[in-house]
Each structure stands twice: as structure tokens, then as C-alpha cells.
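For the numbers below, each heavy atom of this structure counts, side chains included, while hydrogens, waters and symmetry mates do not. In this text the structure is predicted, and so the values were computed from the model without any measurement.
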Amino acid sequence: MAEQEQRMTVVDSLDTPVPGRSRTARAVALARLLRQECTHLLQLYRERETFLSDHTPQGGRIVSLSANSEEPSTEEQVQLLHSALRQCLGLLHCLILREEDEMGELEGDYETMRKTVRARLEHLLNSTRVLVETDDTTVEVSPDDQCNEEVDGAFAAKIWTYRVLLELIHWADHAAQTLHVLHTERDGAEEI
């Protein structure tokens, strides 16, 4: 529990605007924190579902994007990233609904971290929206999923959850990398 409180203190400091710290720097910091929290969420899930520790789920990416050009600019990459993060939020939303339907609302480290990841992902979506929105474009931040994933049986549901958590880690990592490139291009600063 102390670790959770310490993590929330770090979160509060990242969310507070710091003089001299740019929006891109804050977005990179959020993405890095999200990646750490997603990794911790997967660890908690593996501890809860011990039989998954020896299992590697099959299948490709759940969230996939196609760029309109062969070499999208960094700005276009951030727009694509924003779309992927919306899909991830939709998947997480569906995961939460499914788990609450099956087990009810539980309170534990996994459930607390799941809520934290959801809030952080929503915050990152708002941050990326601010970075890519222009007078000509409006960027959505709501979850992009209709929860129509068909999962047959309890084991398949657990594997689907595992895959969603891996997807969250992948896209949080991708966000950290892409936003770091944007930060370097816009602010000329290598380190954050």
C-alpha cells in the first residue's frame, strides 16, 4: 500500500505543470509512467492467474493501424498513436466490464492498478489530443471500442485479458518513444 501511495505522489508531480517543462516533456513522462504501470498491472494479473506464467498467448496485435503514407511525419505518427491509445482505452474499458460482470467489483492491488492505468491512459489521451489538435481538426478522446469481442469460455477470457494487457504495454512503450521524438523535434531537447 505504501508503494501505491508513493506512486500516486509521483503521478501528482507529473500532472502538475512545471515552469519550463513543455507539454511534450509532460506527455513523454506520462507515457513512461503508463508503461511502468501497465507492466505492473500485468505482473499483478500473472500473480492472480498463476497458470498463465508458463503460457504465451498466440496471435498478432489486437490494435493495428495503417498510415496513409509510407513515411508519416512525427506529427502524423502522434495522430496514429492517439488513435491506437483510444483503441487501447476501449479494450481496457471492455476488460473492466467483463471482469466486473464475472467477479463483481473487487478491491485489491490488481483492481486498484487497473483503475490507475485507466486514469493514466485517459490523461495521456488528453495530452496527445492537445499536441495534435489544430483549428482544422478535432481529436476524439473517448474509448474506441464497442465491446463486441467474442470470447468462448473462462480460459479464453483470461487469455484475451492477458493479450489486452500486453497490448497496453506495447502501445505505452510506443507512445513513450514517439512522443520523445516529437519532444526532440519541437523543443530540441534530447533528455527529459
Which pair of non-hydrogen atoms, one from [X] and one from [Y], has the smallest distance, and what is that distance?
X: Leu168; Y: Cys38; value: CB-SG, 3.8 Å
X: Arg32; Y: Ala176; value: CG-CB, 3.9 Å
X: Thr178; Y: Leu81; value: CB-CD2, 4.2 Å
X: Cys88; Y: Leu121; value: C-CD2, 3.9 Å
X: Ser22; Y: Asp187; value: OG-OD2, 2.6 Å
X: Glu107; Y: Glu111; value: C-OE1, 4.0 Å

If you draw a 6.0 Å radius around CZ in Arg23, do more than 12 non-hydrogen atoms from other residues or ligands fall strictly inside?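 No, because the 6.0 Å sphere around CZ of Arg23 holds 12 heavy atoms or fewer from other groups.
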Any ion pair linking [Y] and [X] (charged N to carboxylate O, less than 4.0 Å)?
X: Glu122; Y: Arg86; result: no
X: Glu100; Y: Arg114; result: yes
X: Glu37; Y: Lys115; result: no

Taking atom CG of Leu85 and atom CG of Leu92, what is their separation to the nearest 0.5 Å?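 Here the rounded value is 11.5 Å.
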Nearest-0.5 Å distance, CD1 of residue Ile96 to CZ of residue Arg118: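 Reported to 0.5 Å precision, the distance equals 4.5 Å.
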Pair up each side-chain donor or acceptor in residues 151-160 with any protein partner under 3.5 Å, not counting sequence neighbours, and list the distances.
| residue | atom | partner | partner atom | Å |
| --- | --- | --- | --- | --- |
| Lys158 | NZ | Glu49 | OE1 | 2.9 |
| Lys158 | NZ | Glu49 | OE2 | 3.1 |

For Leu125, does its backbone N or O pair with a side-chain atom of Thr128 as donor and acceptor, under 3.5 Å?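 Present.
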Partners of His174 by ring pair (Phe, Tyr, Trp, His ring centres under 6.0 Å), sequence neighbours excluded?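 Listed in chain order: Trp171.
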Pairs where residues 166-179 contributes a residue and the test salt bridge (charged side-chain N to carboxylate O under 4.0 Å, His left out) is met, not counting sequence neighbours: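 Output for this query lists Arg35-Asp173, Arg61-Glu167.
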Could I get the full list of side chain to side chain contact (heavy atoms under 4.5 Å, CB included) partners for [X], not counting sequence neighbours?
X: Leu44; answer: His40, Glu47, Asp109, Tyr110, Met113
X: Val181; answer: Thr74, Glu185
X: Ala27; answer: Ser127, Leu131, Leu179

Name the one of Leu34, Thr39, Leu33 that satisfies side-chain contact (heavy atoms from CB on, under 4.5 Å) with Gln36?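 Between Gln36 and the candidates, side-chain contact (heavy atoms from CB on, under 4.5 Å) is satisfied uniquely by Leu33.
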Could you walk me through whether Thr161 and Leu165 satisfy the side-chain contact (heavy atoms from CB on, under 4.5 Å) test, starting with their C-alpha distance in whole Å, then the side-chain angles of each, then the deciding distance to 0.1 Å, before giving a yes or no? CA-CA 6 Å; Thr161 297; Leu165 297 177; 4.3 Å; yes
Would you please test Arg186 and Glu75 for side-chain contact (heavy atoms from CB on, under 4.5 Å) and show each step? CA-CA 10 Å; Arg186 284 190 179 175; Glu75 311 280 337; 2.8 Å; yes
With heavy-atom distances below 4.5 Å as the criterion, would you say the side chains of Arg129 and Asn126 are in contact?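 Contact flag for Arg129/Asn126 side chains = yes.
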Determine, stepwise, if the pair Arg46 / Leu42 fulfils side-chain contact (heavy atoms from CB on, under 4.5 Å). CA-CA 6 Å; Arg46 283 180 173 162; Leu42 179 62; 4.0 Å; yes
